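Only one structure is covered here, and it is reproduced in the block below.
Predicted model only: the values in this text are computed from it and were never measured.
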Amino acid sequence: QVQLVESGGGQVQAGGSLRLSCAGSGGTFRNYAVGWFRRAPGKEREFVAAISGSGSSTYFGDSVKGRFTISRDNNKNTVYLQMNSLKPEDTAVYYCGAIRRASTVTDINQYDYWGQGTQVTVSS
């Protein structure tokens, strides 16, 4: 059983940056691929980014390509989402998920474990 805790959310002006963290516990973290998803008010949860267990493979949603990066430090059991050039449409609750698989996973339905989410608000 893996527990995930997100942190780093907050309020920022358009064009600014934030770094989200997803801290894992309760399992061998490197055995888990991790993904970030977000849910804006009135919308379905959207795929943002994913990273493989080793960190060697990453994948991004079209809306964040070129602006967001994802990385992990398995010694600290933490995955990071660096968000740059933020836009008001990036406003959402951001969730990290984990699945016991080596490769990246973009399908939300395949994730087994979820954090509680962290709010990101981008003002214009």
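Without hydrogens or angle criteria, Asp90 side chain to Val122 main chain gives no donor-acceptor distance under 3.5 Å. Under a 3.5 Å cut-off, the side chain of Thr58 and the backbone N or O of Ile70 do not form any donor-acceptor pair. Formation of a donor-acceptor pair under 3.5 Å by the Arg19 side chain with backbone atoms of Gln82 is not found in this model. No donor-acceptor distance shorter than 3.5 angstrom exists from the side chain of Glu6 to the backbone of Thr118, with no hydrogens or angles considered. Without hydrogens or angle criteria, Arg30 side chain to Asn75 main chain gives no donor-acceptor distance under 3.5 Å. Using a distance-only test at 3.5 Å, with no hydrogens or angles considered, no donor-acceptor pair links the side chain of Arg100 to the main chain of Asp112. Between the Ser63 side chain and the Gly61 main chain, no donor and acceptor come within less than 3.5 Å of each other.
By the side chain to side chain contact (heavy atoms under 4.5 Å, CB included) test, Arg101 pairs with Ile99, Ser103, Val105, Gln110, sequence neighbours left out. Scanning for salt bridge (Lys or Arg N to Asp or Glu O under 4.0 Å) contacts around Arg45 gives an empty result, with sequence neighbours left out. Taking Ala40 as the reference, Lys43, Ala92 meet the side chain to side chain contact (heavy atoms under 4.5 Å, CB included) condition, with sequence neighbours excluded. Qualifying salt bridge (Lys or Arg N to Asp or Glu O under 4.0 Å) partners for Glu46, counting only residues two or more places apart in sequence or in other chains: Arg38. Asp62 pairs by the salt bridge (Lys or Arg N to Asp or Glu O under 4.0 Å) definition with Lys65, not counting sequence neighbours.
When all heavy atoms are compared, the tightest approach of Ala33 to Ala102 is CB-O, 4.5 Å. Between Ser85 and Ser17, the shortest heavy-atom contact is N-OG, 4.4 Å. Smallest separation of non-hydrogen atoms from Ala49 and Leu81: CB-CD1, 4.0 Å. Minimum interatomic distance between Ser54 and Ser56 (heavy atoms only, all atoms of both residues): OG-OG, 2.9 Å.
Using a 4.5 Å heavy-atom cutoff, the side chains of Leu20 and Trp36 are in contact. Contact annotation: the side chain of Tyr111 never approaches that of Val34 to less than 4.5 Å [non-hydrogen atoms, C-beta and beyond]. Val12 places none of its side-chain heavy atoms less than 4.5 Å from the side chain of Thr121. Inter-residue side-chain proximity for Val120 and Met83 is flagged as met; some heavy-atom pair is nearer than 4.5 Å.
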Run the side chain to side chain contact (heavy atoms under 4.5 Å, CB included) check on Leu4 and Tyr32 step by step: do they pass? CA-CA 12 Å; Leu4 303 172; Tyr32 292 80; over 6 Å; no

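For residues 41-68, the pairs satisfying ring-ring contact (aromatic ring centres under 6.0 Å, His included) are Phe37-Phe47, with sequence neighbours left out.
In this model, no donor atom of one side chain and acceptor atom of the other lie less than 3.5 Å apart for Thr78 and Asp73.
In this structure, Arg39 fails the cation-pi test against Tyr94, since its NZ or CZ atom is not both closer than 6.0 Å to the six-membered ring centre and inside 45 degrees of the ring normal.
Annotation for Gln116: atom CD counts as buried by contact number, over 12 foreign heavy atoms lying within 6.0 Å.
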